[in-house]
Amino acid sequence: MHTISTPQEATQALAKRRAWHWLEVVFWLAAAASVFLLPSQHSLLTQIAIWSLFAISLDLILGYAGIVSLGHAAYFGFGAYVAALFAINYTGEPVTGLAVAAVASGLLGLVTSLLVLRGSDLTRLMVTLGIALVMYELANQMSWLTGGADGLTGMPVDPVLGVLPISFRPLNAYGYVLAVLFVLFVVARRIVHSPFGMSLRAIKGNPLRASQIGVPNNLRLIAVYSIAAAYAGIAGALLAQTTPVVSLTYIDFQRSADVLLMLIIGGTGYLYGGIIGSALFLIAQKFIGNVTPQYWEFWIGFALVVIALFARDRGVFSIFERLRNIVGGKTKP
Amino acid sequence: MGEILRIENLRAGYGEAVVLPDLSLTLEAGQSLALLGRNGMGKTTLVNSIIGVTRRFGGKIILDGKDITALRPDQRALAGIGWVPQERNIFKSLTVTENLTAVATDGKWNVERVFQLFPRLAERRFNLGNQLSGGEQQMLALGRALVLNPKLLLLDEPLEGLAPIIVDELLAAFRRIIRDEKLSAILVEQNAQKILGVTDRAAILERGVIVHEAASSELRKQPEVLEGYLGVGKAKRT
Amino acid sequence: MNALETIHLEKRFGGIVPTSDVNLVVREGARHALIGPNGAGKTTLINLLTGVLKPSKGRIKLGGEDITVLKPHQRVARGISRTFQINQVFGELSPLESIVFAIGEREHLGTRFWRGFGSDDAIVAEAVAIAKQFGLSDVLTAQTASLPYGKQRQLEIALAIAGKPRVLLLDEPAAGVPEAERHEILEIVAALPQDVTVLLIEHDMDIVFGFADRISVLVEGKLFVEGEPKEIENDPRVRAVYLGERADG
Amino acid sequence: MLTILFDGIAYGMLLFVISCGLAVTLGLMNFVNLAHGAFAILGGYCAYALVNLYGVPFFASLPVAFLFAAMIGLLAERTLYVHFYNRSHLEQVLFTIGLVFMVSALVDYFMGSQQRFINLPPYLQGRFDFFGIGIGKYRLLIIFICALILLVLQLILGHTRFGSRLRAAVDDQRVARGLGINVNWVFALTFAVGCGLAGLGGALGAEILSLEPHFPLKFMIYFLIVVSVGGTSSITGPFLASILLGIGDVAGKYYAPRYGGFVIYTIMIVVLVLRPQGLFARGQSK
């Protein structure tokens with residue numbers, strides 16, 4: 001620790017926190033290389049990229065703003081259905097579909113955030129869970145629109161921007177999903193390193209002090225909740241575009257719980273946690289889940305208990321903790 | 001008789017804040033101590049540290065020859081401490097009788113004796129804790145500490161915010177318990193004059209440090225000392 | 001000109017009235033202390049002034065403007081800052097980040113989501129200056145939670161000052177600070193800019209009489225006496241409140 | 001119509017017996033225990049195994065189910081839950097969801113994934129007609145047992161020393177400790193009884209609530225609704241909420257099968273947003 005006496009030093013210290021670390025550059029180069037180097041794993045990698053985006057979306061509200069959600073799949077599923085219906089009724093161009101899904105889910109987030117703001121952590125848990133359940137029931141009951149329990153099929157997927165066909169082309173599809181993930185990651189990274197992002201961390205850390213500094217806490221939380229919902233909607237839309245059917249499993253509790261788990265495994269509050277967590281989760285699921293579904297369920301439950309027990313001591317996950325400090329621009333304790 | 005309480009180099013506070021930096025204190029069995037000082041000086045923190053609901057950074061607390069430093073609050077209470085907390089904290093969803101029976105242990109103080117001491121409580125025995133007046137709550141808080149049959153009584157601002165007539169009634173009860181029955185006690189007060197007539201000794205606390213200790217009777221004769229530590233203004237410097 | 005004024009301010013919780021018909025006037029540029037025994041309602045009053053609590057009755061005026069119905073952050077924007085009895089700092093952030101953040105919010109830049117945090121040179125320069133003033137230069141990049149309580153206390157006050165308040169409410173600034181670090185806090189309080197109106201709650205009479213030019217005594221939720229330090233010091237009623245003598249004796 | 005009311009009451013009573021333990025953990029100890037349903041199926045499967053596999057009489061299996069779930073509850077509380085009392089709600093959620101997954105997987109592994117029915121003695125089967133109301137004998141038994149439990153709970157809470165110590169601990173934990181009440185032990189015992197009641201409810205409700213490995217997750221939201229709508233300041237709140245939810249759910253499935261769940265969840269959200277303390281909670285906040 002050294003004394004800072006000039007504004008230049010302070011500016012440098014702050015700029016260093018925002019700067020890209022070489023590990024991050026290596027990470028994204030490796031991700032880009034995986035498009036060409038791992039052709040046999042493209043479907044798994046596509047899944048990882050989509051879940052990563054979904055987990056990043058949850059990280060924005062949980063890791064940065066401190067809003068615990070047990071129903072984040074509501075926005076994921078809503079985005080997926082909107083993208084599918086939009087493609088069926090208007091155009092099958094994927095990027096347009098993503099934009100529409102983002103706007104729709106973002107609006108849903110905006111409206112529902114008014115419910116989520118109220119009350120304690122516990123109320124938030126229940127309300128987010130309730131929102132997802134209501135969305136599930138709606139999708140289930142409005143089968144004339146959503147296909148209900150049978151799912152929604154027949155969604156056309158045209159070439160991306162009219163040039164890059166992704167239907168039945170795993171390599172192209174993965175490239176497309178990865179590109180979307182990268183762009184949205186960069187955007188999220190900018191947001192969390194901005195004054196707005198800092199105000200979220202401040203609200204999470206000490207809402208009382210934040211409000212006495214003049215931060216309109218609720219407005220900021222509404223904003224980030226809507227952004228996160230839009231992100232989740234895009235993730236849902238991506239899954240819809242890369243799988244043949246949009247079904248109720250897009251919204252169910254299992255999905256909300258899984259994404260929370262992925263994020264917790266990878267660590268909250270530095271954006272990469274969602275990516276690392278979903279990669280570990282899906283790879284483990286591929287191997288362990290092959291044995292029997294119960295086997296997988298047991299071990300995932302076990303992992304949760306262990307993480308919860310030791311998360312605070314940061315024993316098992318100290319590697320990610322250190323990573324977070326390096327690339328997340330966090331102040332070292 | 002020997003020592004009933006011995007505090008050695010206690011360092012305590014809340015969270016990260018240290019309120020008592022290094023406090024030592026002894027109390028002989030059968031004696032009573034008035035703990036004086038303006039508010040914010042650490043009196044309540046000291047009492048709370050004896051019962052064990054603060055954060056302890058260091059030091060030792062010995063009750064009647066037994067080291068209770070490592071004990072939980074409930075174990076300390078059963079080891080012989082009767083606590084009358086600052087805000088009285090009557091259990092609001094329990095009746096007057098239940099407030100007593102919930103914590104009572106065998107001994108010479110039982111529910112009936114408390115009702116004898118405070119007949120007003122007996123009249124209200126079926127009322128819930130939150131239906132009592134401030135004075136009745138204070139009587140109940142004292143009774144609740146007594147039915148634990150403690151060796152040491154801790155009274156934290158027991159006269160705060162009470163009407164004069166109630167104050168007199170309580171003071172009479174303190175006199176009976178502390179003077180006549182020789183129960184060791186620590187009495188925290190801001191209003192020194194009221195309680196110096198009840199206690200044997202007095203200690204003045206300033207910023208977590210005992211700055212003056214004397215016999216109560218002596219201190220009563222020295223209003224300028226009291227004024228210096230407890231009053232407003234800078235009398236002690238002039 | 002009055003910096004801060006309460007008019008028949010009252011707060012009730014059920015049957016308890018922690019603030020009862022308080023008419024407090026704090027003049028512009030004053031060093032005003034609020035004293036009183038435990039449970040007199042001092043912190044409740046601060047919470048009413050800052051909007052943490054809503055009054056049951058009465059009005060609050062800041063520089064002549066009625067702010068009774070404004071939300072906490074709106075009051076801050078109009079010039080009220082406060083410190084808390086127990087530190088309320090951002091433990092996960094560094095002092096540098098905290099102060100830069102506080103200044104940025106004062107300038108209403110908190111909604112900028114596309115600029116880098118700390119890329120505004122003027123703000124960083126001001127933050128460094130405040131840090132120097134509050135003796136935080138040597139710990140600026142450390143994690144706040146790891147700092148000693150006294151340093152956090154200094155940051156607590158620095159954060160309130162970073163908002164460039166017209167009225168600063170200090171709730172027991174020296175509470176919980178170890179003796180060794182105490183004098184730094186006192187120096188800081190003494191050196192606060194003269195154009196800032198200060199309302200101080202304090203039990204330590206050394207601080208009160210060394211600092212205040214006007215004192216209000218609060219007893220059982222009511223304004224009991226108000227006056228110059230000398231008047232208060234020699235007022236037998238005030239002495240009675242603290243020492244327990246009868247007011248007439 | 002009245003038959004639906006009757007079935008709804010039976011259903012609600014069951015929900016109450018299972019959830020009342022959660023009201024204690026959530027309301028009194030401020031612990032988000034999403035795994036509460038896991039103790040219900042432990043009791044349920046315990047009774048199933050005893051009756052169907054070992055031929056134990058149905059009525060004898062009920063107390064065993066209670067004790068089994070209570071013992072496991074006590075064990076879990078002392079070894080695991082105790083580490084989470086002062087943790088954040090998020091950590092409590094992760095931990096208890098993890099428990100749910102583990103219990104579901106274990107039950108699935110040992111008992112199979114299909115729904116299980118406990119063999120009822122013949123005299124408990126069927127319905128009889130009572131002034132035009134079709135009364136299921138088994139449901140009548142459920143109502144009877146649950147009402148008995150409610151009565152016993154009220155008596156214990158209101159008229160025993162343990163009851164007053166528990167209420168004291170809930171009113172003011174810190175002072176209760178300082179006055180010699182071993183709050184940890186009081187809570188542990190209460191937790192165990194809550195788990196035991198969940199187990200008993202699971203055994204009684206095997207028929208009505210469908211006993212299968214994923215029961216805890218499916219019904220989690222129902223238990224949470226009971227507690228959050230009913231509030232946690234008394235046991236009458238959750239009781240009323242259970243009965244309303246039971247009747248609402250049964251009637252909803254009968255009259256508007258398409259929108260039953262939708263309506264219930266929406267009501268829950270509205271209640272939570274308007275009255276975070278619960279619909280039947282006492283007006284004051286802390």
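Just so you know, these numbers use all the heavy atoms, side chains as well, and skip hydrogens, waters and symmetry mates. Below, chains carry the letters A, B, ... as their sequence lines are ordered, and counting in each starts from 1.
Atom OG in S211(A) sits 11.0 Å away from atom CZ in R75(C) (nearest 0.5 Å).
Proximity to chain A (any heavy atom under 4.5 Å) is shown, for A102(C), by both the backbone and the side chain. Neither the backbone nor the side chain of A145(C) has a heavy atom closer than 4.5 Å to any heavy atom of chain A. For E156(C), the parts lying near chain A are the backbone and the side chain together; criterion is any non-hydrogen pair under 4.5 Å. Contacts between L109(C) and chain A at a heavy-atom distance below 4.5 Å involve the backbone alone (N, CA, C, O). Using a 4.5 Å cut-off between heavy atoms, V187(A) contacts chain C through both its backbone and its side chain. The contact between A13(A) and chain C is made entirely by side chain atoms (from C-beta outward), counting heavy-atom distances below 4.5 Å.
Summarising the local packing, CG of L114(A) is surrounded by more than 12 heavy atoms from other residues, nucleotides or ligands at distances under 6.0 Å. The neighbour count for R27(C) CZ, taken as heavy atoms of other residues, nucleotides or ligands under 6.0 Å away, does not exceed 12.
Shortest non-hydrogen contact noted between I213(A) and F90(C) is CD1-CE1, 3.8 Å. Closest approach of R190(A) and R115(C) over heavy atoms only: NH2-CA, 4.5 Å. Of all heavy-atom pairs spanning P7(A) and V124(C), the tightest one is O-CG1, 3.8 Å.
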Full working for side chain to side chain contact (heavy atoms under 4.5 Å, CB included) between S137(C) and T3(A): CA-CA 5 Å; S137(C) 299; T3(A) 302; 3.9 Å; yes

Derivation and outcome, side chain to side chain contact (heavy atoms under 4.5 Å, CB included), residues M198(A) and V100(C): CA-CA 10 Å; M198(A) 185 57 79; V100(C) 169; over 6 Å; no

Evaluation steps, salt bridge (charged side-chain N to carboxylate O under 4.0 Å, His left out), between R17(A) and E97(C): CA-CA 10 Å; R17(A) 298 263 161 78; E97(C) 285 171 322; 3.2 Å; yes

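Between P195(A) and F101(C), every side-chain heavy-atom pair lies at or beyond the 4.5 Å cut-off. With a 4.5 Å cut-off on side-chain heavy atoms, T6(A) and V128(C) do not count as touching. Between L159(C) and R209(A), the closest side-chain pair of non-hydrogen atoms falls below 4.5 Å. Looking only at side-chain heavy atoms (C-beta outward), S194(A) and F117(C) stay at 4.5 Å or farther from each other. In this structure the side chain of R18(A) reaches within 4.5 angstrom of the side chain of S119(C), judged on heavy atoms. Within the 4.5 Å cutoff, side-chain heavy atoms of Q212(A) are placed close to those of P72(C). Side-chain atoms of D121(C) and T11(A), non-hydrogen and from C-beta on, do get closer than 4.5 Å to each other. Looking at heavy atoms from C-beta onward, L200(A) lies out of side-chain contact with F113(C) at the 4.5 angstrom threshold.
One N or O on the side chain of N206(A) and one on the backbone of V89(C) form a donor-acceptor pair closer than 3.5 Å.
Looking only at heavy-atom pairs under 4.5 Å with chain C, the residue among G205(A), A15(A), G197(A), S199(A) that has the most is S199(A). Of the listed residues I4(A), V192(A), N217(A), the one with more heavy-atom pairs under 4.5 angstrom with chain C than any other is I4(A). Looking only at heavy-atom pairs under 4.5 Å with chain C, the residue among L219(A), I191(A), L208(A) that has the most is L208(A).
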